[in-house]
A.B. asks: 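If you scroll down you'll find the structure; I have some questions about it.
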Amino acid sequence: MEEIKKIARELLAENKVQVVLGFEKGTANKVRPAFFTKAEDIDKLIYNEACIHNIALYLKKDTCQHAKGVAITATPNVVRSILQLSAENQITEEKIHIIGITHEGKCAGILDFKAAEEFSKTQPKGLKPEDKALIEKIQAMSLEERFDYWVEAFSPCIKCYACRASCPMCYCGKCNVETNNPQWIPVASHKYGNVEWHMMRAMHLAGRCINCGECNRSCPVDIPLNILSYMLSDFVLDEFDSEAGLNSVFTSALSAYTVVDKENFIK
Amino acid sequence: MSEFQPKIVAFVCNWCTYAGADLTGTSRIKYSPNVRIVRFPCTGRIDYMLLTKAFASGADGIIVSGCHPNDCHYTSGNFYARRRWIVFKKLCDFMGIDTRRIVFSWVSAAEGSKWADIVNTTNEEIIKLGPYDSYHKLSTQDILE
Amino acid sequence: MKLGFYPGCSLEGASREYNESVQAVAEKLGIELVSIPDWNCCGATAAHNLDKELSLSLPARNLALAEEAGLTELVVPCAACYSRFTVTQHELLHDNAMHKKVNEIIGKEYKGTLRILNVIQFIEEYIIDKLEDNMKFEINKKVACYYGCLLVRPNKILNFDRTEDPQTMDVVMKKLGADSIDWAFKTECCGAGFSVSFTEAVGRLSGKIIEDASHRGAEALVVACPMCHSNLDMRRPAMDKYNGKKIDTPVIYITQAIGLALGIDRKKLGLNRHFVPVKLDNFKPYVKKEVVVENTQIMEEI
Amino acid sequence: MARIGVFICHCGENISATVDCPKVSEVAAKFPGVAYSVDYKYMCSDPGQSLVVNAIKEHKLTGIVVSACSPRMHEPTFRRACAEAGLNPYLCEMANIREHCSWVHEKGDRTDQKAIDVVRMMVEKVKRNNALMSIKVPVTKTALVIGGGVAGIQAALDIANAGHKVVMVEREPSIGGHMSQLSETFPTLDCSQCILTPRMVEVAQNPNITLYTYAEVESVEGFVGNFNVKIRKKAKSIDETLCNGCGMCTTKCPQKKIPNEFELGMGNRPAIYVPFPQAVPNVPVIDRLNCTYYKNGKCKICEKFCQPKAIRFDQEDEIIEVAVGAISICTGFDVKKTDFFPEYGYGKHKDIIDGLQFERMASASGPTLGAIRRPSDGAEPKKIVFVACAGSRDPAKGIEYCSKICCMYTAKHAILYKHKVHDGTAYIFYMDIRAAGKNYDEFTRRAIEEDNAQYIRGRVSSIYERDGKLIVIGTDTLMNHETVEIEADMVVLATAGVANQGAEELAQKLHVSYDQHRFFSEAHPKLKPVETNTAGIYLAGACQSPKDIPESVAAASGVAGKISCLFSSSELTREPLIAFVDRIAAPDYSSCTGCFLCQPVCPYNAIEKEDIKDRAGNLIKSLAYINPGLCQGCGTCVAICKSKSIDIDGYTNQQMYSEVDALLNS
């Protein structure tokens with residue numbers, strides 16, 4: 001922890017960065033993401049097991065956008081998000097100083113993107129057993145059961161868009177759901193609108209989701225919607241050997257093809 | 001007519017399947033009138049959201065068709081489309097959306113009879129499956145509520 | 001080693017020597033051939049001229065019985081039976097409605113899991129590798145391999161060998177030390193079922209085959225089909241009449257040739273049963289070729 | 001408020017016999033936004049078009065739907081009518097109720113309903129059409145001719161003589177193609193090389209033509225009027241500027257036993273060689289696979305004897321880039337070899353040859369200097385059998401089509417044979433004699449009547465060798481299907497003409513389509529026989545389907561005419577149906593997030609990065625920008641874009657969505 005603080009303090013003191021993105025103590029024994037702009041404030045910077053939020057999200061916020069340099073305390077999920085954002089031309093390497101934190105909570109020092117790629121590869125990734133189990137459970141259902149399962153699962157959705165707001169990959173200035181000419185997705189949070197919204201989100205994240213689970217965590221009504229993009233990222237890895245968050249230059253399974261892509265379903 | 005006549009929407013590319021369907025016409029090969037063709041420049045242009053939109057609006061079956069691999073008028077549009085279909089189909093399957101109702105095919109400008117076959121077999125298959133009530137209801141029922 | 005076996009009518013009757021030689025060779029090499037219990041006629045040429053369902057049901061019952069008996073591979077030495085079996089399997093696996101119907105007719109469920117082997121496939125897979133260790137003689141004769149029609153046709157279904165100029169038997173015969181000649185009548189018609197009703201035609205068709213083989217110096221014809229064998233062997237008078245000369249080139253089954261190379265008793269191979277006496281003898285004793293020696297020396301040097 | 005006009009065409013009875021046109025018109029009149037609806041017998045006729053023009057003016061229409069045939073047929077016609085009436089031509093849509101409705105369905109309510117639905121779809125679409133201006137693009141007035149056979153030569157000379165530049169690319173070391181291999185030509189029996197060689201020389205000497213032999217097209221980018229072509233000029237190992245064509249190197253080369261491709265393996269050539277004496281250019285190439293120096297690192301005898309010192313062993317392939325405005329594909333054909341025929345012995349009998357080999361044999365410059373000789377022993381064949389349709393018109397062989405040229409050349413072969421072997425007999429097994437063409441039937445009659453060719457109508461089931469003779473077994477269908485057995489000395493198979501090697505790869509490089517036999521596809525079998533579906537790329541000769549010399553030459557001149565038309569003005573007009581990235585007010589400038597996931601999917605590299613900067617020059621945002629000159633309008637980027645920031649004119653999101661909406665919520 002002290003090592004993280006030391007790095008952060010130095011970066012701010014030397015004016016290499018204007019903002020350090022990390023966590024501070026919140027109310028009621030909780031932690032909350034925080035922007036640190038002064039070296040003396042770094043005392044408040046913390047990192048512990050409770051700091052699970054994917055703060056890569058804030059890199060696209062104004063405070064970071066306007067800063068010349070940004071440092072970020074980055075767990076493996078955050079590192080993967082940063083790499084994917086870079087692959088999608090949303091952030092540049094010169095600006096971001098990654099203070100790596102391994103999955104065991106140890107400081108991995110400052111990582112440039114190349115090191116981050118290595119870091120990303122060595123950190124445990126892939127689906128958690130409970131997510132896998134849920135996917136398998138759903139896959140074992142009949143077609144009708146699956147449909148009913150999801151309609152039911154989405155029915156409490158109130159279209160608060162917390163899933164979108166918490167997802168570092170949902171960075172579009174104008175989300176498609178807000179397009180009304182044509183009205184691709186019905187705005188109302190009825191069954192149809194909910195199914196189509198979550199379906200579109202899953203498709204948009206196909207091959208881009210880095211499996212942080214932030215969408216699920218932020219959902220006030222506990223929809224297991226992360227499962228959709230998890231399932232697809234697993235599928236895309238199997239099918240196209242492509243995985244998000246490992247590479248800082250362009251990768252996207254859906255913006256590529258091979259001549260031998262499976263076509264047994266095409267007549 | 002008491003027999004169920006499904007609504008089938010065909011999303012086709014202009015260069016191969018649309019031309020192939022033209023050839024079906026010039027060859028006077030008969031097929032079911034239950035299909036409505038929507039012309040796109042290329043399969044690469046076909047948005048998967050139009051597919052769910054079609055189901056929601058009352059389609060019972062969908063045909064998506066374009067040029068054979070390597071024959072795309074724009075070289076590679078169909079390859080990107082194919083990849084998108086693979087992923088979309090997987091997602092639909094996972095979400096319980098009936099992918100037997102979405103027929104993907106390659107029909108070239110020379111395959112007039114194949115086009116008639118695709119339409120007819122899809123029509124028969126959809127008649128067997130019946131109307132896609134579960135999805136239609138999704139869009140109508142809840143809105144009325 | 002246990003394989004399913006379907007003899008069919010020919011191998012129990014007129015072509016007993018074919019059966020005898022297959023069994024003798026299998027026994028010698030430690031392969032157990034298990035006959036399908038309660039097998040019936042394959043339908044031969046008669047059934048599929050009359051009734052499609054019947055022509056599929058007869059083989060299907062045999063195949064279903066073999067599956068019930070827990071067999072996974074079935075050796076069918078008769079080329080006609082092999083053709084009927086393979087065609088049935090193909091048709092039923094490609095036509096669900098017919099498959100259902102046939103299952104009802106035979107009162108059994110035919111799954112289609114069985115691999116059907118003709119005698120050459122049987123030799124290729126289970127015998128050829130064992131030859132080197134077991135051969136006593138080299139068949140140092142000039143032979144003409146005659147395939148007939150049913151082994152390689154319809155090629156789209158059987159997918160076996162080249163339709164017009166098959167090679168598999170030649171490969172086996174060369175392995176036995178024989179000089180298998182390149183000739184023109186490998187797949188020409190022998191006259192087949194006309195044997196009884198229109199013997200003259202068999203005389204003409206088979207006559208050309210025998211004449212070309214003997215003209216090119218073949219000392220024996222090698223076959224793998226009971227029908228071909230009986231025409232080429234039994235209808236010699238009609239052929240001689242057509243050719244205007246007597247030709248006494250014998251016709252042997254490929255399994256008999258293998259039997260001879262393995263040193264099996266001629267009687268056990270049924271060679272005494274032929275119309276045209278099989279005089280082939282004076283075979284060269286087989287010496288296992290030690291081809292590897294040179295290479296190992298080189299290897300050592302390296 | 002939209003004022004849409006709907007025009008239902010009867011197409012004579014083509015539509016009205018199946019679809020109740022007045023009813024469709026009546027129903028369409030009630031669609032929201034439809035101001036005028038009418039049905040008429042022939043909408044594409046002059047009065048029909050005036051009807052459209054007048055209705056647009058009279059009813060102040062803001063868009064029209066012509067419900068008739070396929071837009072691939074008459075869309076341009078009605079767009080012109082719109083323009084004439086002062087309406088933007090892109091405010092016209094066609095509802096296809098002929099090819100997609102009346103011709104494929106039975107008369108009945110469901111068919112009428114389909115016609116109505118299709119019209120409703122297009123009405124909803126056209127309401128959302130945008131007025132568009134066509135795009136002008138400059139034209140590079142240079143043509144690329146791929147292939148230097150007779151078609152390529154004709155096309156190149158015609159274009160060059162019209163005053164335009166031509167770049168010709170030929171795969172082999174010399175131009176001339178198959179025609180240079182032929183002996184005499186039917187139906188006049190004039191010597192093939194005598195008429196071709198002067199044309200070859202003309203190509204070499206024409207100042208407008210740049211010739212690259214031993215070269216292949218590496219890649220093609222761009223679009224009509226503006227293609228960028230990379231040509232791989234394979235290393236000849238010779239400095240062409242120095243070589244004087246003396247031929248010393250070829251006579252001194254110690255490698256002499258390489259099968260000569262030009263003689264189809266019936267003769268030999270050295271490793272450094274000119275394919276044939278009249279080659280253009282007369283510059284040898286070194287066959288590196290067979291050259292002793294390239295194999296063993298020793299020899300260089302040719303270098304020693306080369307007086308102008310033109311041998312370059314270290315020469316490398318060269319990539320040449322050229323900008324052209326139009327491309328003519330003239331890559332010709334190939335013939336099946338005798339090994340394609342199992343029933344005729346898989347090519348193992350030396351005395352069974354194919355038609356092209358017979359041409360070389362009959363040619364005075366060929367391996368036998370024009371004498372007909374058995375390849376096996378050099379004896380003069382007294383009985384020769386020609387088998388027509390070897391492979392052609394045979395679905396079992398995968399070649400259902402007629403190779404077209406074989407009937408005529410087989411008759412020619414029989415005549416040439418008789419002229420050279422007076423006491424010989426020629427038998428010809430045939431299915432039909434197809435001699436449609438000027439003086440063609442007279443020619444086959446001549447073979448039969450004057451030169452005593454024995455025509456037997458029937459197929460050959462097998463050919464085998466016996467005692468040095470070839471036994472040909474066939475049937476005579478005109479003689480009670482009797483079996484015919486001929487003891488021949490030699491057999492010539494008129495093997496099927498097939499697409500040339502590499503046709504598929506070339507088609508993919510050029511983005512043109514080809515049929516199941518790998519022949520290039522024309523844009524329309526009747527009305528656009530020399531165009532491809534890709535604007536600016538044309539076809540001539542046997543690369544399209546088997547063709548004889550006059551047909552190939554005619555097609556080539558047709559292509560030259562087309563290309564000259566294209567080059568007649570310095571600009572051409574393109575359809576403006578292309579993609580664009582949306583623009584909105586500051587501070588967002590566009591809903592595009594600049595993720596550039598669309599960039600790799602564009603087949604034309606049309607998506608560029610555009611930087612939005614403030615007045616001080618600071619970067620605000622990077623956006624995707626679609627270069628309208630390069631975009632061809634496939635729309636793949638549109639479907640890829642998550643924020644729907646890209647749209648495509650003619651097929652906008654609004655249009656497509658409304659179409660589907662109108663179709664189903666009826």
Side-chain angles (χ1 to χ4, degrees), chain A residues 59-60 62 65-66 68 84-92 94-95 164 167-186 192 196-197 199-209 229 236 240 242 244 247-259, chain D residues 124-125 127-128 130 504-505 508 581-603 607-612 614 618-624 636-647 651-662 665:
Chain A
L59 289 173
K60 286 284 287 173
D62 281 357
Q65 288 284 305
H66 295 152
K68 281 216 168 62
Q84 188 62 24
L85 284 170
S86 155
E88 296 179 15
N89 296 294
Q90 299 303 308
I91 52 176
T92 51
E94 308 83 70
K95 187 167 163 177
R164 184 182 73 187
C167 177
M169 289 307 135
C170 272
Y171 51 72
C172 287
K174 185 176 160 222
C175 176
N176 201 12
V177 77
E178 272 127 24
T179 309
N180 60 4
N181 199 0
Q183 184 78 53
W184 288 106
I185 306 289
Y192 170 46
E196 295 239 318
W197 156 245
M199 185 178 227
M200 181 196 85
R201 227 184 81 79
M203 274 308 282
H204 281 185
L205 285 168
R208 302 172 57 238
C209 171
S229 46
V236 163
F240 311 128
S242 159
N247 212 322
S248 63
V249 287
F250 172 76
T251 59
S252 169
L254 288 181
S255 293
Y257 72 88
T258 61
V259 189
Chain D
E124 286 307 318
K125 183 180 183 191
K127 280 187 202 169
R128 291 159 180 83
N130 297 321
E504 231 166 326
E505 293 81 355
Q508 286 162 12
V581 179
D582 71 9
R583 280 311 185 83
I584 50 179
D588 288 333
Y589 301 95
S590 167
S591 64
C592 171
T593 57
C595 70
F596 292 102
L597 294 186
C598 52
Q599 214 170 22
V601 309
C602 179
I607 302 180
E608 296 162 6
K609 201 176 216 168
E610 184 183 22
D611 290 337
I612 307 280
D614 64 12
N618 299 317
L619 179 69
I620 302 176
K621 200 173 174 181
S622 285
L623 304 176
T636 305
C637 54
V638 181
I640 283 283
C641 181
K642 290 184 289 295
S643 54
K644 296 264 183 283
S645 306
I646 312 182
D647 214 337
Y651 301 92
T652 61
N653 283 322
Q654 277 194 46
Q655 286 173 312
M656 302 324 287
Y657 189 92
S658 313
E659 255 191 71
V660 176
D661 202 47
N665 294 332

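Below, chain A is the first sequence line, B the second, and so on; all start at residue 1. Please read all numbers here as calculations on a predicted model, not as lab measurements.
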A.B. asks: Main chain of D:L597, side chain of A:S255: is a donor-acceptor contact present, judged purely on distance under 3.5 Å?
C.D. replies: yes
A.B. asks: Give a yes or no on whether the backbone of D:C595 and the side-chain of A:N89 come within a donor-acceptor separation of less than 3.5 Å.
C.D. replies: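 Confirmed, A:N89 side chain pairs with D:C595 backbone.
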A.B. asks: How far apart are the closest heavy atoms of D:I640 and A:L254, and which atoms are they?
C.D. replies: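 In terms of heavy atoms, the two residues are closest at CD1-O, 3.3 Å.
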A.B. asks: Checking the side chain of A:E88 only, and the main-chain atoms of D:T593 only, is there a donor and an acceptor separated by less than 3.5 Å?
C.D. replies: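 Pair absent, no side-chain N/O of A:E88 close to backbone of D:T593.
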A.B. asks: How far apart are the closest heavy atoms of D:S591 and A:K174, and which atoms are they?
C.D. replies: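 Closest pair (atom of D:S591, atom of A:K174, distance): CB-CB, 4.0 Å.
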A.B. asks: Side chain, backbone, both or neither: which part of D:N653 has a heavy atom under 4.5 Å from chain A?
C.D. replies: both
A.B. asks: Starting at CD of A:Q183, measure out to CG of D:D661 and round the result to the nearest 0.5 Å.
C.D. replies: 11.5 Å
A.B. asks: Would you compute the distance between atom CG of A:N176 and atom OG of D:S645 and round it to the nearest 0.5 angstrom?
C.D. replies: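 Going from CG on A:N176 over to OG on D:S645, the span is 9.0 Å.
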A.B. asks: With a 4.5 angstrom heavy-atom cut-off, is it the side chain or the backbone of A:C172 that approaches chain D, or both, or neither?
C.D. replies: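 Interface part for A:C172: both.
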A.B. asks: Between D:K642 and A:R208, is there a side-chain heavy-atom distance shorter than 4.5 Å?
C.D. replies: yes
A.B. asks: Is the count of non-hydrogen atoms from other residues, nucleotides or ligands lying under 6.0 Å from A:K95 atom NZ greater than 12?
C.D. replies: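 Count over threshold, so yes.
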A.B. asks: Is D:K609 close to chain A through its backbone or its side chain, or both, or neither, when contacts mean heavy atoms under 4.5 Å?
C.D. replies: side chain
